[in-house]
2 protein chains.
Amino acid sequence: MENRIEEYTVGELAQAAGVTVRMLHHYDSLELLKPAFVTAKGYRIYRQPELLRLQEILFYRAANMPLNEIAELLGTGNRVERLTSHREKVAKALSEQAAIIATLDRTIAKLNGDDPMTIEDLYKPFPKEKQADYEAWLVATYGQDMAAEIARSRENLSAGKGDILNSQNEQLKGIEAELVTSYEAGCDPKLANLAAHQNWVAEMWGYPCTAAAYAKLAELYLAHPDFIARYETLSEGFSQWLAQAMTLWAERHK
Amino acid sequence: MENRIEEYTVGELAQAAGVTVRMLHHYDSLELLKPAFVTAKGYRIYRQPELLRLQEILFYRAANMPLNEIAELLGTGNRVERLTSHREKVAKALSEQAAIIATLDRTIAKLNGDDPMTIEDLYKPFPKEKQADYEAWLVATYGQDMAAEIARSRENLSAGKGDILNSQNEQLKGIEAELVTSYEAGCDPKLANLAAHQNWVAEMWGYPCTAAAYAKLAELYLAHPDFIARYETLSEGFSQWLAQAMTLWAERHK
DNA sequence: GATGGGGCCTGACCCAACGTGAGAGTCAAC
DNA sequence: GTTGACTCTCACGTTGGGTCAGGCCCCATC
């Protein structure tokens with residue numbers, strides 16, 4: 001039963017995992033990742049469980065989690081809890097990035113339009129102080145982008161129809177506002193009523209929006225920074241919630 | 001007429017920008033952000049240009065750029081160009097993170113037993129450059145016996161999937177193989193012949209694919225991790241080349 | 001069995017990007 | 001003129017490592 005193949009020295013493990021030997025030493029000294037055992041001469045020997053643990057460490061570390069937090073996390077046995085906690089952090093980082101994109105857009109727009117910003121405007125996304133007139137910004141800056149996105153979708157799927165964008169934009173705003181209300185009330189995405197939204201999409205496209213297409217649209221939302229930025233601005237975490245709700249809705253209505 | 005309102009002490013600027021006084025001291029000592037002037041008693045006084053510079057610094061710092069690189073960057077080009085290019089980078093990171101969150105959600109759902117989920121679902125939405133990490137993490141999470149299934153799922157993925165896709169899969173494979181050959185032969189994207197591909201797309205859609213729609217499809221490809229993963233497995237760099245070729249083709253045929 | 005050339009060990013110091021005081025001067029108000 | 005908030009300049013602490021330095025250890029080759 002000699003599985004010498006499954007034993008790694010520091011160097012071997014380092015190479016396998018794409019890290020440095022120094023990092024393994026470091027993690028050892030922090031008690032974050034100890035070798036399976038140490039030889040009589042003091043060589044660290046790692047095995048499969050340590051490799052797996054290292055990979056999980058690297059996964060969390062890739063999300064900028066401090067090592068002590070990772071150690072804590074790995075100590076709490078439940079995998080679902082770990083993932084959930086991790087999800088929260090990534091989601092938070094996502095919202096922050098969305099806010100930064102929003103401010104970048106606003107900054108660039110103002111630089112091009114020569115309208116000086118107030119000091120509060122400049123630093124909106126960085127400190128904890130959020131809120132403010134995102135609504136106004138949404139209409140002013142992203143209204144146009146949104147129209148362009150929709151026009152793009154329509155072109156993709158059915159080239160050229162009339163331009164009734166503005167009235168439909170108004171409609172969308174109402175629909176979205178309702179959904180945001182549901183979201184902020186803690187409504188389960190399974191229970192969201194997306195009939196109005198799906199109808200709106202169908203109207204935009206100029207032909208029926210099937211359940212499958214609607215589900216695809218959810219994917220598209222998540223793949224498109226513009227959409228994420230837009231929805232995150234409406235409410236933190238809303239983009240994820242909406243996409244999930246759309247997917248679930250499509251499943252129930254296919 | 002001096003506007004005292006537009007002058008800030010360290011503390012004032014720090015509060016406005018949501019940073020600490022220490023950071024401003026630090027940036028000063030690094031020559032990254034110097035005050036507009038220093039009073040006789042040594043107090044740092046900042047004005048509008050410094051405020052703008054700080055904002056830009058914070059944009060880059062939020063993306064984990066080292067301060068020395070930021071200093072370098074600030075010395076080059078103009079502000080709008082820098083910010084525009086930066087916006088794109090952040091946007092890219094954003095959609096990657098969104099894909100990660102979606103995966104985490106599905107993984108959590110599966111672990112909770114909400115919905116049976118295929119390996120393909122797990123694998124699919126991860127950013128390409130992190131696929132190796134993600135696979136490793138999957139192995140760590142689900143155990144060694146998962147490795148084989150992951151390998152199998154990858155084959156499935158590169159073989160194409162989806163109900164609609166399957167029917168016309170053979171055709172597409174032929175078309176793509178030809179394009180990959182062109183790409184690997186170093187063919188200029190301008191000169192790629194995409195007539196067959198565009199026709200295939202039209203067939204898929206069930207109605208004509210206009211040049212504009214085709215160009216937009218290229219954008220969609222680049223925005224969608226699914227497509228990128230698929231084309232990158234065909235040949236490294238192929239997804240970028242194809243998207244460019246499609247854009248150029250659309251331009252020539254509109 | 002001797003002799004390399006690796007790989008491994010433990011310190012030890014260095015780095016960025018700040019946090020966190022310490023001790024002292026400054027400002028504005030009451 | 002005293003108080004309290006603010007500022008200044010050191011200066012050391014922290015995190016996640018990089019980068020030697022000096023000394024063992026292992027194994028292949030002569």
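Note that the structure is a prediction, hence the values are computed from the model and not measured. Residue numbers begin at 1 in each chain, while the letters A, B, ... track the order of the sequences. Both backbone and side-chain heavy atoms feed into the values below; hydrogens, waters and symmetry mates do not.
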Practice item. Answer whether the closest heavy-atom distance between the side chains of R61(A) and M23(A) falls below 4.5 Å. Key: yes

Review point. Which nucleotide, dG19(C), dA17(C), dC27(C), lies nearest any side-chain atom of L67(B)?
Key: dA17(C)

Study note, to complete from the structure: The residue, T39(B) or P66(B), whose nearest nucleotide of DNA chain C is more 5′ is P66(B)

Check your understanding: How many Å lie between NE2 on H26(A) and P on dC8(C), as a whole number?
Key -> 19 Å

Review point. Y43(B) OH to dG25(C) P: how many Å, rounded?
Key: 12 Å

**Study point:** Verdict with supporting geometry, Y46(B) and Y8(B), ring-ring contact (aromatic ring centres under 6.0 Å, His included)
**Key:** CA-CA 5 Å; Y46(B) 299 86; Y8(B) 309 91; 8.4 Å; no

Study note, to complete from the structure: The first and last nucleotides of DNA chain D lying within contact of chain A, meaning any atom under 4.0 Å from one of its heavy atoms, run from dG16(D) to dC26(D)

Review point. When the distance from CE of M23(B) to C1' of dA16(C) is rounded to whole Å, what number comes out?
Key: 13 Å

Practice item. Before giving the answer on side chain to side chain contact (heavy atoms under 4.5 Å, CB included), spell out for L67(B) and Y60(B) the whole-Å C-alpha distance, their side-chain angles and the decisive distance to 0.1 Å. Key: CA-CA 9 Å; L67(B) 298 183; Y60(B) 302 135; over 6 Å; no

Revision key, fill the gap. Closest heavy-atom pair, I45(A) versus P35(A), reported as atoms and distance to 0.1 Å, is O-CB, 3.3 Å

Exercise for review: In whole angstrom, give the distance that lies between atom CD of E12(A) and atom C1' of dC8(C).
Suggested key: 11 Å

Review point. What is the nucleic acid contact for V10(B), judged by heavy atoms within less than 4.0 Å: base, sugar-phosphate only, or nothing?
Key: sugar-phosphate

Exercise for review: Give the rounded distance in Å between these two atoms: CG of D28(B) and P of dA17(C).
Suggested key: 16 Å

Point to revise | Residues E56(A) and R82(A) bridged, charged N to O under 4.0 Å | key: yes

Study note, to complete from the structure: Closest to the side chain of R22(B), out of dC18(C), dG25(C), dC9(C), is dC18(C)

Review point. Rounded to the Å, how far apart are H25(B) NE2 and dC18(C) C1'?
Key: 13 Å

Exercise for review: Check whether any side-chain heavy atom of F37(B) lies under 4.5 Å from a side-chain heavy atom of E7(B), and answer yes or no.
Suggested key: yes

Revision key, fill the gap. Heavy-atom nearest nucleotide on DNA chain C taken for M65(B) and for K41(B); more 5' hit belongs to M65(B)

Revision key, fill the gap. When rounded to whole Å, the CG to P distance for the pair N68(B) and dC15(C) reads 13 Å

Point to revise | Closest heavy-atom pair and its distance - V21(A), G11(A) | key: CG2-CA, 4.0 Å

Check your understanding: Mapping R44(B) and V21(A) to their closest nucleotides on DNA chain D, which lands nearer the 5' end?
Key -> R44(B)

Exercise for review: Kindly say if T9(A) contacts the phosphate of dC8(C), meaning a side-chain N or O under 4.0 Å from OP1 or OP2.
Suggested key: yes

Check your understanding: What is the distance from CD of E69(B) to P of dA17(C), rounded to the nearest Å?
Key -> 9 Å

